2 protein chains.
Amino acid sequence: MLDFCVLLLLRRGPSYAADIILRLKEAELIVVEGTLYPLLSRLRRDGLLSYQWQESLQGPPRKYYSLTPDGLRVLDELDAAWEELARTVGLLKSAPPVLPAPGDVPIRL
Amino acid sequence: MLDFCVLLLLRRGPSYAADIILRLKEAELIVVEGTLYPLLSRLRRDGLLSYQWQESLQGPPRKYYSLTPDGLRVLDELDAAWEELARTVGLLKSAPPVLPAPGDVPIRL
DNA sequence: ATACGGTACTTTGTATTGCAAGGTATTTGG
DNA sequence: CCAAATACCTTGCAATACAAAGTACCGTAT
């Protein structure tokens with residue numbers, strides 16, 4: 001899930017950790033440093049992200065992460081998986097409620 | 001997620017592990033015994049599920065799990081959380097693509 | 001110059017969770 | 001009485017999210 005959301009965010013364009021956390025928070029997704037930094041490192045190690053150092057106007061330089069072609073491809077797959085999951089949950093939610101079905105075997109203690 | 005899906009399934013009525021696995025598989029959710037049994041135990045320990053032993057016509061007796069009032073309440077909360085997540089992902093997905101925004105600071109190497 | 005506050009990146013330890021694999025028990029059929 | 005089928009459970013391992021603490025860089029004020 002988080003991988004998916006981070007990749008979705010980065011599809012808009014390069015960004016760095018603190019900014020990603022901010023943008024996710026705006027979307028009501030609470031993520032902290034200790035979660036995001038290892039996640040970004042892992043996605044980079046897997047070739048889905050790359051980064052460029054970029055100097056900041058104030059403070060230390062930042063690692064701007066962006067999608068690689070592989071990352072974009074994986075994002076498409078995650079997108080399909082998400083749609084599938086949403087469909088599945090929709091199915092489960094629309095299922096008939098507690099009414100006992102005709103063929104149910106009665107529960108004997 | 002899995003908690004949510006299992007609770008959704010059990011909202012239809014009591015069921016036991018092997019049957020839950022089957023029904024989830026029909027919904028394209030692959031779950032195995034080693035995952036489900038501890039999950040059911042945990043939900044029961046937390047008071048969201050209860051179970052009754054029920055003899056089977058063929059084979060050993062089964063633990064039929066069903067939602068408790070607490071379980072139904074938590075399910076409603078998870079439902080709200082799911083809707084919120086779906087909304088969030090929808091937002092992230094509908095975000096503008098890679099076009100550089102006007103105010104972007106140019107990347108300097 | 002240097003000390004401090006703010007920004008950014010990283011690491012370590014812990015709890016949770018999903019899975020593979022293997023184990024126990026009960027029932028039915030040969 | 002043994003084997004196959006069904007059902008429940010446990011153990012060990014890998015992945016991941018978090019809290020917390022650590023390191024480093026920058027600009028500013030002393």
Side-chain angles (χ1 to χ4, degrees), chain A residues 1-7 9-10 14-25 27-66 74 78 81 85 88 105 107-109, chain B residues 1-7 9-10 14-25 27-46 48-66 74 78 81-82 85 88 105 107-109:
Chain A
M1 265 320 299
L2 257 188
D3 291 15
F4 180 41
C5 289
V6 167
L7 292 177
L9 256 189
L10 289 178
S15 184
Y16 67 103
D19 186 48
I20 293 174
I21 290 177
L22 260 181
R23 297 214 243 165
L24 287 177
K25 186 173 298 178
E28 320 254 346
L29 279 180
I30 307 303
V31 183
V32 296
E33 285 189 339
T35 300
L36 188 59
Y37 279 108
L39 185 152
L40 290 172
S41 296
R42 177 168 50 83
L43 292 180
R44 198 202 66 81
R45 190 168 35 89
D46 294 347
L48 310 188
L49 296 181
S50 62
Y51 68 82
Q52 285 182 319
W53 283 104
Q54 181 181 351
E55 293 179 16
S56 165
L57 297 179
Q58 182 169 353
R62 302 164 176 168
K63 273 187 176 177
Y64 273 78
Y65 284 91
S66 43
V74 168
L78 288 177
L85 179 62
T88 294
V105 179
I107 296 184
R108 294 172 301 173
L109 291 184
Chain B
M1 264 318 299
L2 256 188
D3 291 16
F4 180 41
C5 289
V6 168
L7 292 177
L9 255 188
L10 290 178
S15 184
Y16 67 103
D19 186 47
I20 293 175
I21 290 177
L22 260 181
R23 296 213 243 167
L24 288 177
K25 186 174 296 176
E28 319 255 345
L29 279 181
I30 307 303
V31 182
V32 296
E33 284 189 342
T35 300
L36 189 58
Y37 279 108
L39 185 152
L40 290 172
S41 297
R42 177 167 51 82
L43 292 180
R44 197 201 67 81
R45 204 190 53 227
D46 293 348
L48 310 188
L49 296 181
S50 62
Y51 67 83
Q52 285 183 319
W53 282 104
Q54 181 182 351
E55 294 179 15
S56 166
L57 297 178
Q58 185 170 351
R62 301 163 177 170
K63 271 187 176 177
Y64 272 78
Y65 285 91
S66 43
V74 168
L78 288 177
W82 166 261
L85 179 63
T88 294
V105 179
I107 296 184
R108 295 173 301 176
L109 289 185

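Here is how names work: the chains are called A, B, and so on, in the same order as the sequence lines, proteins then strands, and each is numbered from 1. The shown structure was predicted, so the numbers you read here are calculated from the model rather than taken from an experiment.
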To the nearest angstrom, the OH-C1' distance between Y51(B) and dC9(D) comes to 12 Å

Side chain of Y37(A): nearest nucleotide among dT11(C), dT10(D), dC19(C)?
dT11(C)

Rounded to whole Å, how long is the line connecting atom CG of L57(A) with atom C1' of dA8(C)?
15 Å

Quick note, R62(B) side chain, CB onward, closest among dG18(C), dT16(D), dA7(D) is dA7(D)

Under 3.5 Å, is there any donor-acceptor pair linking the side chain of E33(B) to the base of dC9(D)?
yes

To the nearest Å, give me how far apart CD (Q54(B)) and C1' (dT26(C)) are.
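Q54(B) atom CD is separated from dT26(C) atom C1' by 16 Å.
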
Quick one: bend of the helix from dA1(C)-dT30(D) to dG30(C)-dC1(D) from 5 pairs per end, to 10°?
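End axes: 20° apart.
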
Hey, does I21(A) reach any base, or is it just sugar-phosphate, or nothing, if we go heavy atoms under 4.0 Å?
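I21(A): no heavy atom of the nucleic acid under 4.0 Å.
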
Does the side chain of R45(A) reach to within under 4.5 Å of the side chain of S41(A), using non-hydrogen atoms?
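R45(A) does not reach S41(A) side chain to side chain.
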
Please give, in whole Å, the distance from dT26(C) C1' to E55(B) CD?
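Distance check: E55(B) CD to dT26(C) C1' gives 11 Å.
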
Measuring from atom CD1 of I20(A) to atom CG of L40(A), what distance do you get when rounded to the nearest 0.5 angstrom?
5.0 Å

Value in whole Å for how far the P atom of dC18(D) lies from CG of L40(A)
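From L40(A) CG to dC18(D) P: 13 Å.
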
For DNA chain D, whose closest nucleotide is more 5', that of G34(B) or that of G34(A)?
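It is G34(B) whose nearest nucleotide is closer to the 5' end.
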
To the nearest 0.5 Å, what is the distance between CG on L2(A) and CG on L29(A)?
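Nearest 0.5 Å value for the CG-CG distance: 7.0 Å.
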
Please report the distance, rounded to the nearest Å, between CG in L36(A) and P in dT11(C).
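Checked: the CG to P distance equals 14 Å.
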
Looking only at side-chain N and O atoms, does Y16(A) come under 4.0 Å of OP1 or OP2 in dC9(C)?
no

Is the shortest side-chain heavy-atom distance between L49(B) and L7(B) below 4.5 Å?
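Result yes, sub-4.5 Å side-chain heavy-atom pair found.
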
Could you please name the option among dC18(D), dG18(C), dA8(C) that lies closest to any side-chain atom of L2(B)?
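Selected nucleotide (nearest to the side chain): dG18(C).
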
Length of the line joining K25(A):NZ and dC18(D):C1', which is rounded to integer Å:
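These atoms are roughly 14 Å apart.
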
Report the distance from atom CD of E55(B) to atom CG of L57(B), rounding to the nearest 0.5 Å.
9.5 Å

Kindly write out the residues that satisfy salt bridge (charged side-chain N to carboxylate O under 4.0 Å, His left out) with R62(B), not counting sequence neighbours, or none if the list is empty.
none

First encountered from the 5' end of DNA chain C, between P38(A) and P60(B):
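Looking at DNA chain C, the more 5' nearest nucleotide goes with P38(A).
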
To the side chain of W53(A), which of dG18(C), dT7(C), dC9(C) is closest?
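Selected nucleotide: dC9(C).
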
L43(B) CG to dC8(D) P, straight-line distance once rounded to whole Å:
15 Å

Looking at dT10(D), dT10(C), dC19(C), which one has an atom nearest to any side-chain atom of V32(B)?
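Output: dC19(C).
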
Pair T35(A), I21(A) - check side chain to side chain contact (heavy atoms under 4.5 Å, CB included), show working.
CA-CA 10 Å; T35(A) 300; I21(A) 290 177; over 6 Å; no

Step through it carefully: locate the ring centre of Y51(B), locate the ring centre of Y64(B), and say whether they are under 6.0 Å apart.
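Not close enough - the centres of the two rings lie 6.0 Å or further apart.
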
As a test of reading the structure: which of dT10(C), dC9(D), dC25(D) is closest to the side chain of P61(A), going by heavy atoms?
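Output: dC25(D).
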
